[in-house]
A.B. asks: 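Quick one: structure below, then a few questions.
None of the values given here were measured: they were computed from a predicted structure. Chain A is the first sequence line, chain B the second, and so forth, proteins listed ahead of strands; every chain is numbered from 1.
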Number of protein chains: 2
Amino acid sequence: MGRSIVRLKDIADKTGFSTNTVSLALRHSPRIPQQTRDVIQRAAAELNYLPNQIAKSLVSRETKTIGLVLTDINNPVLTHTAQSIELALSARGYGTLFATSNNNLTEEVRAIEMVRARQVDGILIYPTGHRQLDHLRMLRRANYPIVLLVGEADAGIDAVGMDERRGAHKATRHLIDVGHRRIALIDGANPQGNREKREGYQQALAEAGIGFEPALVLDPRGNSVDRGYWAVDGVMSGPDRPTAIFAANDSLALGALRWCLKHNVRVPEDVAIVGMDNIEFGEYAGVPLSSVDYAVETVTRMAVERLMRLIAAGDQLPEPRITQIDPDLVIRESTRAQR
Amino acid sequence: MGRSIVRLKDIADKTGFSTNTVSLALRHSPRIPQQTRDVIQRAAAELNYLPNQIAKSLVSRETKTIGLVLTDINNPVLTHTAQSIELALSARGYGTLFATSNNNLTEEVRAIEMVRARQVDGILIYPTGHRQLDHLRMLRRANYPIVLLVGEADAGIDAVGMDERRGAHKATRHLIDVGHRRIALIDGANPQGNREKREGYQQALAEAGIGFEPALVLDPRGNSVDRGYWAVDGVMSGPDRPTAIFAANDSLALGALRWCLKHNVRVPEDVAIVGMDNIEFGEYAGVPLSSVDYAVETVTRMAVERLMRLIAAGDQLPEPRITQIDPDLVIRESTRAQR
DNA sequence: GCGCTTTGGGAGAGCGTTAATACGCGGGGC
DNA sequence: GCCCCGCGTATTAACGCTCTCCCAAAGCGC
């Protein structure tokens with residue numbers, strides 16, 4: 001616990017006032033005359049006093065710290081989210097206690113216990129399973145301030161996030177609009193029970209009267225560029241190649257793009273590619289990548305604001321509010337050319 | 001501070017034992033007979049008891065939490081570092097209190113105060129300025145466990161990091177070896193006082209008898225892909241184009257690569273490019289990027305181990321130890337072809 | 001000069017936990 | 001039969017801070 005040994009009592013001893021008076025003076029209480037405050041504050045500065053937030057928390061029953069639980073920070077969009085949240089929280093005087101679940105429910109539960117034991121004032125979480133929310137609902141029911149970073153419609157918990165179904169629908173629809181009918185989907189989250197993207201994809205196909213072909217749904221078993229590369233290797237090498245690929249995130253899309261460039265498959269002439277999240281590396285890729293934009297700043301701003309409101313509400317939380325942000329599709333060269 | 005209201009006292013009331021007995025029982029003290037322990041532990045489980053780490057910290061004088069202060073998590077290598085550190089710490093039962101300095105010394109100081117006020121047991125920091133370490137040295141002198149994530153040789157503080165000077169030297173040397181003499185450097189950190197990369201670059205030039213040309217040193221004013229793109233726009237559009245580019249990180253390098261691809265400048269035939277950090281997006285770029293590998297896992301493992309040792313040392317810290325990791329150069333297509 | 005308020009400050013309790021110490025009681029040694 | 005010991009548990013005092021009283025002296029009106 002650091003080596004910070006200067007306490008209120010030390011300032012009290014040095015100035016001759018009681019610890020109580022010192023405490024009030026350092027918090028600018030009007031009950032202490034200006035002159036006394038000056039003396040005390042000067043003494044505090046000389047001793048290099050730093051208030052012990054732990055002791056403060058014990059009595060005030062708030063830690064001014066929130067728990068941030070993410071699945072896996074290597075996804076650039078979650079990285080950006082983490083950064084943006086930390087910024088917003090620190091601007092409000094809150095610290096960020098960070099933990100990862102590694103896309104594993106058991107670890108998620110452990111991470112939540114860890115931050116709860118440290119008495120965080122609230123939790124922001126990007127849950128592993130968008131459907132496995134019971135443990136979170138229990139917290140919410142116990143009046144624990146918690147906000148999901150996923151726009152899960154029927155969570156029963158406050159949530160702010162991209163409408164992934166609509167995003168996937170827009171991306172697929174766009175591919176259809178520019179003339180594609182054989183559209184592959186790369187999505188690692190679907191087997192884990194996060195079906196939104198898959199549903200958006202299927203819905204767009206259905207609306208266009210295109211039959212759903214299970215062979216075109218690829219499970220990359222991960223979310224790295226590498227995974228995207230190998231996910232498409234099978235179908236693309238085969239005889240019945242798709243003419244378009246929709247990837248559930250830009251890392252996967254860039255992997256697919258790389259496969260194409262390496263095998264002299266022209267993008268977008270031979271195969272069009274759309275990603276999701278609109279990360280910077282996509283914009284500046286070998287062929288600039290079309291992508292569904294994830295409005296990180298908007299999501300984090302709203303999520304933090306909502307969490308602050310829940311914290312302020314105290315013992316009687318308001319009804320949960322779910323905000324689903326309708327994402328924009330950013331069209332770049334990887335789908336630009338008409339067929 | 002959450003809404004966790006179950007205390008030792010509640011378990012005591014329920015079971016009829018004193019809070020003290022409950023405390024001992026839950027910590028498996030041999031002083032409490034097995035049978036009593038069972039009763040108490042069952043009651044604790046029923047009440048959903050979660051120990052209050054804050055209260056525990058106040059008396060034990062350790063929080064089992066460490067502060068992680070980074071400049072800017074958007075750099076993929078720092079992202080990876082953050083993830084890897086969180087993992088290592090959580091495996092050791094430590095929480096990670098995370099803060100960013102946004103590459104600003106004032107904010108760095110504030111971030112450190114924030115984590116110190118929360119009584120973290122130690123600090124891991126990627127400092128803004130590799131030469132502005134006085135405030136950190138003061139902490140170290142006060143026996144505060146702190147480890148830098150930068151291999152700064154004469155820090156006087158424990159440090160683990162890549163040897164950036166050698167890395168830059170290797171990259172530049174490689175470009176010289178494959179026949180280049182007009183080699184541009186893109187480096188945003190140099191104007192901030194982090195001169196290691198620049199020095200490695202200049203040293204390699206000098207050894208090869210190549211005159212240093214200030215016009216070839218480009219300040220991107222940032223570290224995004226976008227910045228890399230615009231940083232090279234000037235020299236590359238001019239008459240006296242360099243034939244090779246060494247970028248201080250892969251984001252910048254990918255920006256430069258993108259400029260080339262967009263303007264039909266062949267890589268590596270017309271211009272060779274080397275980056276630094278060896279991020280995955282570089283490996284799968286339009287032209288796979290040569291890069292100096294940053295051994296993230298090694299750095300974080302050693303840094304965390306060192307921090308643990310410092311924490312265990314208590315009031316008498318051992319002499320600071322600085323570990324500089326000699327990075328490997330990964331050669332890919334962006335520099336492969338001989339001229 | 002009396003009682004009132006106001007001003008400046010202190011004493012003490014308590015936040016949830018742990019560590020040190022105290023205590024009651026049963027049993028064994030002599 | 002008495003003392004002592006040890007077992008099982010309770011009591012008490014911290015940890016550093018804030019909050020709720022409380023008190024003493026000064027100021028003020030009549």
A.B. asks: Using only heavy-atom distances, determine whether the side chains of A:S23 and A:R27 contain a donor-acceptor pair under 3.5 Å.
C.D. replies: yes

A.B. asks: Starting at CZ of A:R37 and ending at P of C:dG9, how long is that distance when rounded to a whole Å?
C.D. replies: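 A:R37 atom CZ is separated from C:dG9 atom P by 11 Å.
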
A.B. asks: Could you check how far CG of B:L58 sits from P of D:dA14, rounded to whole Å?
C.D. replies: 14 Å

A.B. asks: Of the nucleotides D:dT9, C:dT17, D:dC19, which one has an atom closest to the side chain of A:R27?
C.D. replies: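 For A:R27, the side-chain atoms sit closest to D:dC19.
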
A.B. asks: In whole angstrom, what separates A:E62's CD from D:dC17's C1'?
C.D. replies: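 My rounded result for the distance is 14 Å.
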
A.B. asks: Taking the side chain of A:V59 as heavy atoms from C-beta outward, which of C:dG16, D:dG16, C:dA20 is closest to it?
C.D. replies: D:dG16

A.B. asks: What is the distance, to the nearest angstrom, from the CG atom on B:L26 to the C1' atom on C:dG16?
C.D. replies: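 Going from CG in B:L26 over to C1' in C:dG16 covers 13 Å.
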
A.B. asks: What's the CG-C1' distance between A:N52 and D:dT18, to the nearest Å?
C.D. replies: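 So the two atoms are 13 Å apart, to the nearest Å.
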
A.B. asks: Expressed in angstrom and rounded to an integer, what is the separation of B:R61 atom CZ from D:dA14 atom P?
C.D. replies: 13 Å

A.B. asks: NA contact type, A:T36, heavy-atom cut-off 4.0 Å: base, sugar-phosphate, or nothing?
C.D. replies: sugar-phosphate

A.B. asks: So for B:N20 and C:dT18, does any side-chain atom that can act as donor or acceptor lie under 3.5 Å from a complementary atom in the base?
C.D. replies: no

A.B. asks: So, are A:D158 and A:R309 salt-bridged, with charged N and O less than 4.0 Å apart?
C.D. replies: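 Looking at A:R309 together with A:D158, the answer is no, because their closest N to O distance does not fall below 4.0 Å.
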
A.B. asks: Could you grab the distance from atom OH of A:Y49 to atom CD1 of A:I11, nearest 0.5 Å is fine?
C.D. replies: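 One gets 6.0 Å once the value is rounded to the nearest 0.5 Å.
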
A.B. asks: Over how many whole Å does the gap from A:Q53 atom CD to D:dG16 atom P extend?
C.D. replies: 15 Å

A.B. asks: Working to the nearest 0.5 Å, report the span between OH of A:Y126 and CG of A:L148.
C.D. replies: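 A:Y126 OH to A:L148 CG: 11.0 Å, rounded to 0.5 Å.
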
A.B. asks: Please state whether the phosphate of D:dA10, meaning OP1 or OP2, lies under 4.0 angstrom from any side-chain nitrogen or oxygen of B:T21.
C.D. replies: yes

A.B. asks: Check whether any side-chain N or O of B:Y49 sits under 4.0 Å from OP1 or OP2 of C:dG16, and answer yes or no.
C.D. replies: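 No, B:Y49 has no side-chain N/O under 4.0 Å of OP1/OP2 on C:dG16.
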
A.B. asks: Closest approach to the side chain of A:R31, judged atom by atom: which nucleotide of D:dG8, C:dG10, C:dC15 is it?
C.D. replies: C:dG10

A.B. asks: Both B:G16 and A:L8 contact DNA chain D. Taking the nearest nucleotide for each, which residue is further toward the 5' end?
C.D. replies: B:G16

A.B. asks: Of the options C:dT17, D:dT11, C:dT18, whose atoms approach the side-chain atoms of B:S23 most closely?
C.D. replies: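 Ranking C:dT17, D:dT11, C:dT18 by closest atom to the B:S23 side chain puts C:dT18 first.
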
A.B. asks: Starting at the 5' end of DNA chain D, which residue's closest nucleotide do you reach first, B:P33 or A:A55?
C.D. replies: B:P33

A.B. asks: Salt-bridged, B:E46 to B:K14, with N to O below 4.0 Å?
C.D. replies: yes

A.B. asks: Would you mind reading off the distance between B:K9 atom NZ and D:dT12 atom P, rounded to a whole angstrom?
C.D. replies: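 In whole Å, D:dT12 P and B:K9 NZ are 14 Å from each other.
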
A.B. asks: Of all the choices, D:dA10, C:dG16, C:dG9, which nucleotide is nearest to the side chain of B:R7 once you look at every atom?
C.D. replies: C:dG16

